[in-house]
Amino acid sequence: MADTDKIVRDPIHGFIKLSPWEQEIVDHHVFQRLRRVKQLALTEMVYPAACHNRFEHSLGVMHVATLMFDHLRPLLESPGVTEPAFTKDDLDRARVVVRLSALLHDVGHCPFSHAGEDVMPLKSAGGKRYKHEDYSTGLIQFALAEFIDGHKLNPLKITAEEICNFLKNDNHIPAQILFWRPLITGQMDADRADYLLRDSHHAGVAYGQYDLNRLIATLRVVRDPETGGLMIVFRLS
């Protein structure tokens, strides 16, 4: 087991840091299989360089989600933020949950990514097909749980079930954790923020390029005028 952080050189974001605990998860065969899952399925037949994979994308999403989190954290540490109030322990725990959720959100992708979901099995009830999100949470909870629950590098006692509930938007988890879900699934989340840059880079097109640093700098925390709850927004001016 590694005892130091590892630095991965990424063509989109530069250096991406992995903790020793995250390295163990990345080294697991469930995550390593993403090296063989093309991000854009058969797009490389038209754009020959678009042969990047879900492995590098997942690292990128974790990196971007962390940048977003770290930008917003000081805003939530303000004494004026209440209902819910965020303690240091809340924020420390949420940061790990966000990183691991971003890292593992795509582990359930099948060959050819989204293009393969049309042949996934039907659920027993309702007749709808399983989606990669269903397989992702299943793999986290059963195949990866031993690398999460009770791990000696997991002093906050974060569980695989907690990560699954976060990805599924389960309202049974604390509001201080659920608040961060838009960084993983939202109108402009870390997933989209990464694949727009990554896909356009590898396809050799310009229309997915944007200023990520500027986007992150515009993130704010405001109160929803309808519910009164805290929400993450982008300031356009």
Side-chain angles (χ1 to χ4, degrees), residues 8 10-13 16 18 22-65 97-149 159-170 181-187 189-203 205 208:
V8 178
D10 180 70
I12 308 302
H13 305 298
I16 295 176
L18 292 169
E22 291 162 350
Q23 290 174 48
E24 285 196 50
I25 295 172
V26 167
D27 287 342
H28 193 283
H29 66 86
V30 165
F31 193 85
Q32 286 292 314
R33 67 174 287 275
L34 295 180
R35 292 182 182 273
R36 303 186 297 278
V37 179
K38 297 291 179 66
Q39 173 81 2
L40 295 179
L42 298 174
T43 302
E44 65 177 303
M45 302 303 293
V46 179
Y47 297 89
C51 52
H52 52 302
N53 54 49
R54 291 278 163 182
F55 181 93
E56 61 180 276
H57 166 64
S58 296
L59 295 178
V61 175
M62 182 187 70
H63 177 75
V64 174
V97 170
V98 166
R99 279 183 65 85
L100 293 182
S101 298
L103 181 67
L104 298 174
H105 78 287
D106 269 354
V107 292
H109 262 295
C110 62
F112 305 111
S113 292
H114 292 289
E117 292 189 349
D118 289 341
V119 296
M120 281 186 171
L122 293 172
K123 296 182 179 180
S124 56
K128 294 183 178 180
R129 294 190 182 278
Y130 285 99
K131 297 182 178 180
H132 77 273
E133 291 91 347
D134 299 312
Y135 285 95
S136 291
T137 53
L139 286 167
I140 293 168
Q141 192 159 6
F142 297 105
L144 292 169
E146 64 176 307
F147 286 81
I148 300 173
D149 297 1
T159 66
E161 184 178 10
E162 183 177 6
I163 294 170
C164 291
N165 289 340
F166 180 75
L167 288 172
K168 292 187 291 188
N169 199 25
D170 190 321
R181 194 168 185 275
L183 298 188
I184 308 300
T185 302
Q187 291 301 310
D189 53 32
D191 186 17
R192 289 172 173 82
D194 180 79
Y195 75 61
L196 284 172
L197 293 173
R198 193 172 302 280
D199 293 356
S200 60
H201 170 80
H202 286 287
V205 300

Quiz item: Which value, rounded to the nearest 0.5 Å, describes the distance between Phe147 atom CZ and Glu24 atom CD?
Solution: 6.5 Å
Practice problem: Check whether any side-chain heavy atom of Leu18 lies under 4.5 Å from a side-chain heavy atom of Leu59, and answer yes or no. | Solution: yes
Exercise. Taking all heavy atoms of Tyr195 and all of His57, pick out the closest pair and write down the distance.
Key: CB-CE1, 3.8 Å
Quiz item: With sequence neighbours left out, which residue pairs that include part of residues 132-145 fulfil the salt bridge (Lys or Arg N to Asp or Glu O under 4.0 Å) condition?
Solution: Lys123-Asp134
Quiz item: Of the non-hydrogen atoms in Phe31 and Ser58, which two are nearest, and what is the gap between them?
Solution: CZ-CB, 3.8 Å
Quiz item: By side-chain contact (heavy atoms from CB on, under 4.5 Å), which residues pair with Asp27, not counting sequence neighbours?
Solution: Gln32
Self-check item: Euclidean distance, Ile184 CD1 relative to Arg99 CZ, rounded to 0.5 Å
Solution: 11.0 Å
Quiz item: Which atom pair, heavy atoms only, marks the closest approach of His13 to Val64?
Solution: CE1-CG2, 3.4 Å
Self-check item: Stepwise side-chain contact (heavy atoms from CB on, under 4.5 Å) test for Glu22 and Leu100
Solution: CA-CA 8 Å; Glu22 291 162 350; Leu100 293 182; 4.1 Å; yes
Quiz item: Rounded to the nearest 0.5 Å, how far apart are CG of Asp10 and CZ of Arg198?
Solution: 4.0 Å
Self-check item: Backbone N/O of Gly186 and side chain of Arg192: donor-acceptor pair under 3.5 Å
Solution: yes
Practice problem: Starting at OG1 of Thr159, measure out to CD1 of Ile140 and round the result to the nearest 0.5 Å. | Solution: 11.0 Å
Quiz item: Hey, does Ile163 have a side-chain heavy atom less than 4.5 Å from the side chain of Phe166?
Solution: no
Quiz prompt | Atom pair NE2/CD1 of His201 and Ile12 - distance to nearest 0.5 Å | solution = 4.5 Å
Quiz item: So, for Val98 and Ala65, which heavy atoms are closest and what is the spacing to 0.1 Å?
Solution: CG1-CB, 3.8 Å
Exercise. Nearest 0.5 Å please: distance from the CD atom of Glu146 over to the CD1 atom of Ile148.
Key: 10.0 Å
Quiz item: Which residues satisfy the side-chain hydrogen bond (donor to acceptor under 3.5 Å, both in side chains) test with Thr43, sequence neighbours excluded?
Solution: none
Quiz item: Who are the side-chain contact (heavy atoms from CB on, under 4.5 Å) partners of Gln141, not counting sequence neighbours?
Solution: Glu161, Cys164
Self-check item: Under 3.5 Å: donor-acceptor pair, side chain of His28, backbone of Ile25
Solution: no
Quiz item: Going by atom types only, do His63 and Asp194 share a side-chain donor-acceptor pair under 3.5 Å?
Solution: no
Quiz item: Do the side chains of Val107 and Arg33 get nearer than 4.5 Å, heavy atoms only?
Solution: no
Pairs of donor and acceptor atoms involving the side chains of residues 47-55, under 3.5 Å and at least two apart or interchain, shall be tabulated with distances.
{"unit_1": "His52", "atom_1": "NE2", "unit_2": "Asp199", "atom_2": "OD1", "d": "2.8"}
{"unit_1": "Asn53", "atom_1": "OD1", "unit_2": "Phe55", "atom_2": "N", "d": "3.1"}
{"unit_1": "Asn53", "atom_1": "OD1", "unit_2": "Glu56", "atom_2": "N", "d": "3.0"}
{"unit_1": "Asn53", "atom_1": "ND2", "unit_2": "Arg35", "atom_2": "O", "d": "3.3"}
{"unit_1": "Arg54", "atom_1": "NE", "unit_2": "Gln39", "atom_2": "OE1", "d": "3.2"}
{"unit_1": "Arg54", "atom_1": "NE", "unit_2": "Ser113", "atom_2": "OG", "d": "3.1"}
{"unit_1": "Arg54", "atom_1": "NH1", "unit_2": "Asp106", "atom_2": "OD2", "d": "2.8"}
{"unit_1": "Arg54", "atom_1": "NH1", "unit_2": "His109", "atom_2": "NE2", "d": "3.4"}
{"unit_1": "Arg54", "atom_1": "NH2", "unit_2": "Gln39", "atom_2": "O", "d": "3.2"}

Practice problem: If a pair satisfies salt bridge (Lys or Arg N to Asp or Glu O under 4.0 Å) and one of its residues is in residues 40-52, list it, with sequence neighbours excluded. | Solution: Lys38-Glu44
